[in-house]
Amino acid sequence: MLKETTINLASNLRKLMILMAVTGLVLASMSTIFSGRAHAAQMGSRKVTISDSKISATGVNYTFTFTTATSAAIQGVRLQFCTTPLGACTTVAGSTVATADATAATQTWTNAGDLTDNGSTDQGDCTENTNPAQEICLDRVVATAETPGAKVFTLNTVTNPSSQTTTYIRIATYSDTAYATKVDEGIVASATARQLTVNGRVQERLEFCVAAIDDASALPANCGAMASTTTIDMGVIDNSSIAQAPVNVTSTNGSNDFYGVAMINTNASSGAVLGYYPEAAGSGTNELRAFRVAGVTCNASGTDLTDQCFQSATPSNTADTFTAGTERFGMVVPCIDTTQGTTANMSGVTAYNGTDASTTSGVNCQNEANTKFAWNNSGTAATIASSSNVVDNEIVKLRFGATASATTPTGIYTVKTTYIATPTF
């Protein structure tokens, strides 16, 4: 029995010794595996802010913000740009970091001294020379310990990856410039993304309207508010004065105190042209586009003072000074009103600008005593106003003037005019 007990004790002792040896080997291996981590503390709050997330963008600024945990000198910073946060670092396709520079103006340190590129040689953990697409190492020769806390520096002129992807940037600080003694470490992430293209279309637009409005009425704000009236009555025309629409209503003259307006609103970038021509009378002969009595036969010369067709302002389409008693009929643009919109781009044509050769909006816009008029005797539109840019609800005002001679026959005289707005987009 004693012999058996002795044998069991010896066997158990051998087993215990073997177990202790194995445990020692395991602990030694674990010590080797974790020895690197034991000397590097985890950084606190950390991020990287990029100035551009566009795929393959160049000259991008990467600003690193992190909180150090260890009171130690920071003389080296290693940045690895990888496809994963852990494991072997695989280069992110298209990214270039080794040619980047640290921006001195954005660095934050307890002790003065800025990071600069380590250069092209590999040192310690730094393999910038071997892996220029994924790694950059930055130096600052400052041996004084940094106070733990927030640190900031910017890496500029980085080239972004060539696809929509996430880049994990492994940050490690070193107390030396040989990248041998790691102090703190942490991982941040950035991503490149596709851009959105937004399309839209502003359509070509033209709003144009013509009407006769009462002298006492407010100007319409837009074509939708424009009156539908189209008749202007100058009342009695004699040889003692020049009748000019709008003519104030009296108990004996039969006028309606109306004048004409043409409003334009267009986004045509090259502006618009406003033209007009008189419609040919449907009956009668000669001077069919003159101020005339319907159905009559007039003198072909256009100078007869005894037929029922007024002499048009002469020469045609050029300003003609009217004198009371010298038979004439014509039109003038006394002003172009710009109070209903936001532009003042329309201007009048000299022949139709009236006595003062000005179409500026003002008190003379309706009641100016014009003596110069013009008239287009053809069926082709003559320009009376134009712009070289967009037009927002500008109103071209139209006045008509007439004076009879002592021999002008009685009758009801009339003429119809057509207006054309031509925008150039």
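Scope of the values below: all heavy atoms of this structure, side chains included, with no hydrogens, waters or symmetry mates.
- In this model, no donor atom of one side chain and acceptor atom of the other lie less than 3.5 Å apart for T192 and Q164.
- Checked by atom type, the side-chain pair N265/D392 shows a donor-acceptor distance below 3.5 Å.
- Side-chain contact, Y168 with T166: no donor N or O sits under 3.5 Å from an acceptor N or O.
- Remark: the backbone N or O of M43 is paired with a side-chain donor or acceptor of R46 at under 3.5 angstrom.
- N160 and S56 form no side-chain donor-acceptor contact under 3.5 Å, judged by distance and modelled atom types alone.
- Using a 4.0 Å cut-off between charged side-chain N and carboxylate O, R328 and D320 make a salt bridge.
- The only option from D184, D139, D125 that meets the side-chain hydrogen bond (donor to acceptor under 3.5 Å, both in side chains) definition with Y174 turns out to be D125.
- Between T303 and Q311, the closest heavy-atom pair is O-NE2, 3.4 Å.
- Side-chain atoms of S163 and T165 form no donor-acceptor pair, as typed in the model, at a separation below 3.5 Å.
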Report task. Evaluate the criterion side chain to side chain contact (heavy atoms under 4.5 Å, CB included) for residue pair V293 and T414; output intermediate values, then yes/no. Result -> CA-CA 6 Å; V293 174; T414 187; over 6 Å; no
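- Closest heavy-atom contact between I187 and P85: CD1-O, 3.0 Å.
- Side-chain atoms of T121 and N129 include no donor-acceptor pair closer than 3.5 Å.
- Below 30°, between 30° and 60°, or above 60°: for F310 and Y413 the angle between ring planes is above 60°, a perpendicular geometry.
- Looking only at side-chain heavy atoms (C-beta outward), L79 and L155 come within less than 4.5 Å of each other.
- Using the six-membered ring where Trp is involved, W375 and F400 have ring planes that are perpendicular, over 60° apart on the 30 and 60° scheme.
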Query raised in the report: Stepwise, does the side chain to side chain donor-acceptor pair (under 3.5 Å) test hold for N389 with S387?
Result: CA-CA 6 Å; N389 208 331; S387 75; over 6 Å; no
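- Here K397 does not pair with E394 in a salt bridge; the nearest charged N to carboxylate O distance is not below 4.0 Å.
- When only modelled atom types and interatomic distance are considered, N61 and T154 share no side-chain donor-acceptor pair under 3.5 Å.
- Side chains of D337 and T339: a donor on one and an acceptor on the other come within 3.5 Å.
- Listed for the T177 side chain is no donor-acceptor partner under 3.5 Å among the backbone atoms of Q75.
- Across T229, I395, I232, L219, a single residue satisfies side-chain contact (heavy atoms from CB on, under 4.5 Å) together with I213, and that is L219.
- Nearest heavy atom pair, residue A112 against residue V142, reads O-CG2, 3.4 Å.
- No side-chain N or O of K182 forms a donor-acceptor pair with one of S175 less than 3.5 Å apart.
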Query raised in the report: Does the pair T130 and D122 meet the rule for a side chain to side chain donor-acceptor pair (under 3.5 Å), with working shown?
Result: CA-CA 7 Å; T130 305; D122 292 345; 2.4 Å; yes
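- Shown here for S283 and R292, the closest heavy-atom pair between the two residues is O-NH1, 3.5 Å.
- Within the 4.5 Å cutoff, the side chain of Y419 has heavy atoms near those of the L398 side chain.
- One finds a salt bridge joining R140 and E146 here, because a Lys/Arg side-chain nitrogen approaches an Asp/Glu carboxylate oxygen to under 4.0 Å.
- Of the possible polar contacts, none joining the S95 side chain to the V92 backbone as a donor-acceptor pair under 3.5 Å is found.
- At distances below 3.5 Å, not a single donor-acceptor pair connects side-chain atoms of R399 with backbone N or O atoms of M331.
- Side-chain N or O atoms of N267 include one that pairs as donor or acceptor with a backbone N or O of Q203 at under 3.5 Å.
- Put simply, the side chain of S241 never gets that close to the backbone of A243: no donor and acceptor are under 3.5 Å apart.
- No option in L274, I420, T266 other than L274 meets the side-chain contact (heavy atoms from CB on, under 4.5 Å) test with F208.
- Ring pair F153/W109 is parallel by interplanar angle, where below 30° counts as parallel and above 60° as perpendicular.
- No side-chain N or O of N376 forms a donor-acceptor pair with one of Y352 less than 3.5 Å apart.
- With hydrogens and angles ignored, the 3.5 Å screen pairs no side-chain donor or acceptor of T68 with any backbone N or O of T70.
- The backbone N or O of L138 sits nowhere less than 3.5 Å from a side-chain atom of D117 that would complete a donor-acceptor pair.
- A donor-acceptor contact shorter than 3.5 Å links the side chain of S378 to the backbone of T380.
- At least one donor-acceptor pair under 3.5 Å links the side chain of S162 to the backbone N or O of A93.
- Atom CD1 of I412 sits about 9.0 Å away from atom CG of D233, to the nearest 0.5 Å.
- Classification of R78 and E135 as a salt-bridged pair holds, one side-chain N sitting under 4.0 Å from a carboxylate O.
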